[in-house]
Every structure is written in structure tokens, then in C-alpha cells.
Amino acid sequence: MKGMTYKKLYAHIRLGHGIGHGTEYKPWLTLRRKNPSPTSNQVVSFMPPLQRTAHYFSRGEYHTALLLLWLGVLDLREQFPIWPVAHPNPLNGAPGALTANLKWSRGLIAIAKEANIEHGHEIGSSQPYVASLDLVATIPRNNGIGLSIFSSKPISEPSSQIKWRTLERLELERRYAAELGAQYFISSSALIPMPIAGQLEWWLDCSTLHFAPELLPLASQFASVISSHSDLTLSEAIECAANATFINIDNGWLLFRHCAWKQLIDIDPSSRILTSHPLRGGGVELRNKLRLRLFGETWS
């Protein structure tokens with residue numbers, strides 16, 4: 001949105017960008033041919049758990065999103081705007097949110113002024129820029145729902161030099177989250193080990209079986225058969241489960257990936273999965289540990 005004007009800004013908002021929850025959400029920023037990054041591996045992908053296409057401006061964002069969706073967040077909104085002026089809490093209008101108890105934000109201009117940090121303007125314009133958060137997660141809480149914000153930056157080493165303006169932006173994000181009572185995390189591209197990212201990406205397409213809903217009623221029985229054949233190789237166990245549920249082997253592999261994502265089959269994505277070996281458990285424990293570490297509680 002080079003050369004931003006109020007007219008362009010309002011038109012972007014009227015199209016629904018930066019607004020909504022779940023399938024209705026549209027990211028404030030989207031990837032297009034004219035805004036590729038020379039340094040980041042960007043991803044535009046349909047995300048079955050979200051039932052929409054998402055725009056991730058780095059591979060680190062995408063991998064973090066995979067992990068958060070596997071952990072079972074209720075919603076995950078990428079490129080979420082921080083409006084310069086006072087605005088409602090990002091949870092406003094979310095299913096399960098007690099709107100009356102949600103604190104508004106004063107807007108990023110006020111937060112930046114208090115922090116003695118320059119807010120900045122849109123490129124080629126005198127209009128205040130609209131900052132965006134990489135990932136905003138809606139999480140289940142024992143007493144309702146909560147908000148967790150993730151900023152993904154290409155930091156590969158603890159000693160990596162970070163530009164001063166980047167640090168200022170991160171500080172503004174941190175203050176914004178604190179004002180709303182949200183958790184705030186800074187993640188790097190190395191946060192998610194490649195073995196986990198690779199396994200989750202393999203399972204993702206079958207996470208909801210949106211393309212084969214007739215298999216869903218078989219998931220519990222299918223998973224039970226595999227779990228009861230821990231002495232067999234994974235390939236053999238999947239064949240047994242397919243036979244027991246009267247489906248072909250191709251559908252058996254689809255159902256396996258679905259059960260693995262849902263952890264109906266306890267399988268550890270941090271370990272290399274060899275189909276010629278028995279499956280290795282530990283995924284349920286890993287998922288609970290990560291939920292506790294990030295959110296302070298776990299859920300079923």
C-alpha cells in the first residue's frame with residue numbers, strides 16, 4: 001500500500017482486512033507479486049484447521065503457526081493490525097469472549113509516545129502507519145478464552161545483531177500486549193526444530209479431513225487398532241487398521257495422518273518417523289508440555 005492515503009486505508013478496511021475471527025478473518029497484509037521478501041521464505045497456504053488461506057511472511061511464521069494449530073489454539077490470525085488510534089480488544093466479538101470485560105487499547109500512537117519511541121508513517125505518506133503483529137492466537141482458558149501474541153523474527157543465534165528500529169518495534173508490541181493483558185512471545189526462525197515442522201506439515205492436509213469427511217467416523221476405531229499393534233511396523237499396523245475399518249490402504253494413510261495430527265494415535269513428531277519401524281509414542285506428552293510452557297495450562 002505504497003503512498004497510503006485515508007481513501008486507500010478506508011477501502012482496505014471496507015474489504016474486511018484486519019477484521020473478524022475464524023474463517024471470516026482477512027489479514028491486514030497479504031502476499032502479492034509486488035511485495036516479496038528478498039530474505040524470507042514466504043508461504044501462502046490453505047490451513048485446514050482455520051478453514052481459510054493464510055499469509056505468512058516468513059518460514060518461521062509458518063512453522064510457528066503449524067505448532068500453535070497442532071497445540072489446539074482456537075483461532076490464529078496472521079498479520080493482525082495494531083491500529084494507531086484507540087480500538088477494541090482483539091478478542092472483541094470472538095466466540096466465548098466476555099466483551100464487557102475486554103479492555104480497549106489506547107492505540108499505538110499513545111503507546112509509542114509514552115515509550116518515547118517514534119511511531120512512524122506509511123511509506124510515501126504523512127499518514128501514521130498501521131503496524132501488524134505476526135500471529136495472534138486465541139487460546140482456551142479454564143475461565144474462558146485468552147490472547148497470546150507471537151512475533152517471529154529471523155534470529156538464528158542469541159548473539160545475532162538486531163537493528164535498533166526492530167527492537168523499538170518489538171518493545172511497542174510488548175507494551176501493546178501488556179496493556180491488553182495478553183501473553184507476548186518473540187520467536188525466531190529456529191524456534192521449531194525442522195523434524196517437528198516437517199512432520200506437522202505432512203499431517204496438516206489431513207488435520208480435518210475436509211476432503212474426505214466420510215473417514216471421520218472411523219478415526220477412533222482406526223486409531224485403536226494401530227495402538228493395539230505396537231509390536232508391528234507402522235506400515236503393517238496401518239494395513240491392519242485399514243482392513244479392520246474396511247477402507248483401502250490409501251485412505252488408511254490419510255486417516256493415519258489425521259489421527260496423528262489429533263494425537264488419537266500417540267506419536268512423537270520430534271522423532272523421525274520410520275514406517276518400517278514400530279511407532280514411537282510421546283506426542284501427547286510433548287503437546288501437553290508445550291501447552292504448559294507457553295500458556296500455563298493444557299486442555300483436552
Side-chain angles (χ1 to χ4, degrees), residues 18-27 46-52 54 56 61-80 88-105 133-152 173-174 176-187 191-192 196-197 199-200 203-204 206-210 216 219-220 223 258-270 282-300:
I19 299 170
H21 299 271
T23 59
E24 302 301 317
Y25 175 72
K26 291 183 180 180
F46 178 75
M47 306 297 279
L50 300 175
Q51 299 181 54
R52 64 174 179 83
Y56 302 110
E61 281 183 30
Y62 175 56
H63 287 173
T64 303
L66 281 175
L67 181 68
L68 292 173
L69 291 172
W70 181 65
L71 293 179
V73 298
L74 299 175
D75 194 12
L76 188 63
R77 292 173 287 176
E78 76 282 8
Q79 321 313 327
F80 188 85
N89 190 293
L91 287 178
N92 188 67
L98 299 176
T99 304
N101 297 329
L102 294 176
K103 185 178 181 181
W104 276 48
S105 170
L133 299 164
D134 294 335
L135 297 168
V136 173
T138 304
I139 59 171
R141 290 290 192 193
N142 291 328
N143 58 349
I145 60 175
L147 195 69
S148 293
I149 295 170
F150 291 79
S151 185
S152 182
E173 291 178 1
R174 185 194 69 79
Y176 176 77
E179 181 175 270
L180 298 176
Q183 295 175 302
Y184 180 65
F185 303 91
I186 300 174
S187 63
L191 173 68
I192 316 300
I196 293 181
Q199 296 299 345
L200 295 183
W203 297 344
L204 175 69
C206 296
S207 56
T208 63
L209 283 178
H210 59 284
L216 288 173
S220 179
H258 170 76
C259 292
W261 176 273
K262 293 289 189 179
Q263 286 298 297
L264 300 175
I265 300 170
D266 183 13
I267 184 167
D268 185 0
S270 67
V284 171
E285 181 182 6
L286 174 65
R287 192 168 61 172
N288 284 333
K289 283 183 177 179
L290 289 172
R291 286 170 175 168
L292 288 169
R293 181 177 178 182
L294 292 173
F295 311 123
E297 59 188 80
T298 188
W299 52 86
S300 59

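Everything numeric here is computed off the predicted structure, so don't read it as measured data. Heavy-atom basis, side chains included; hydrogens, waters and symmetry copies ignored.
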* Asked: Measuring from L76:CG to T138:OG1, what's the distance to the nearest 0.5 Å?
  -> 8.5 Å
* Kindly compute the distance separating CG (D266) from CD (E285), expressed to the nearest 0.5 Å. => 8.5 Å
* Which heavy atom of E78 sits nearest a heavy atom of R52, and at what distance? -> OE1-NH2, 2.7 Å
* Asked: Just wondering, are more than 12 heavy atoms of other shown residues or ligands nearer than 6.0 Å to CD in E297?
  -> yes
* For the residue pair E61 and S152, what are the closest heavy atoms and their distance? -> N-OG, 3.4 Å
* Is the closest side-chain heavy-atom distance between L200 and W261 below 4.5 Å? -> yes
* Any idea which heavy atoms bring S207 and P48 closest together, and the distance? -> OG-CB, 3.4 Å
* Measuring from K103:NZ to N101:CG, what's the distance to the nearest 0.5 Å? -> 13.0 Å
* To do: Indicate whether the side chain of S105 and that of E179 have a donor and an acceptor atom separated by less than 3.5 Å.
  => yes
* Structure fact -> Between F295 and F150 the two heavy atoms that sit nearest each other are CE2-CZ, 4.2 Å
* **CG-CG distance between L294 and L67, expressed to the nearest 0.5 angstrom** => 7.0 Å
* To do: For residues Q183 and A177, report the shortest heavy-atom separation together with the two atoms involved.
  => O-CB, 4.4 Å
* For R174, all residues meeting side-chain hydrogen bond (donor to acceptor under 3.5 Å, both in side chains), sequence neighbours excluded -> E171
* A54 and M47: which non-hydrogen atoms are nearest, and at how many Å? -> CB-CG, 3.8 Å
* Asked: If only atom types and distance count, is the side chain of H210 paired as donor or acceptor with the main-chain N or O of P49 below 3.5 Å?
  -> no
* List in chain and number order the residues that pass ring-ring contact (aromatic ring centres under 6.0 Å, His included) with Y25, two or more places apart in sequence or in another chain; answer none if no residue qualifies. => none
* Rounded to the nearest 0.5 Å, how far apart are CG of L66 and CD1 of I192? -> 8.5 Å
* To do: Using modelled atom types only, decide if a donor and an acceptor are shared between the side chain of R287 and the backbone of T298 within a distance under 3.5 Å.
  => no
* Nearest-0.5 Å distance, CG of residue L286 to CH2 of residue W70 -> 4.5 Å
* **Non-hydrogen side-chain atoms of I139 and R291 separated by less than 4.5 Å** => no
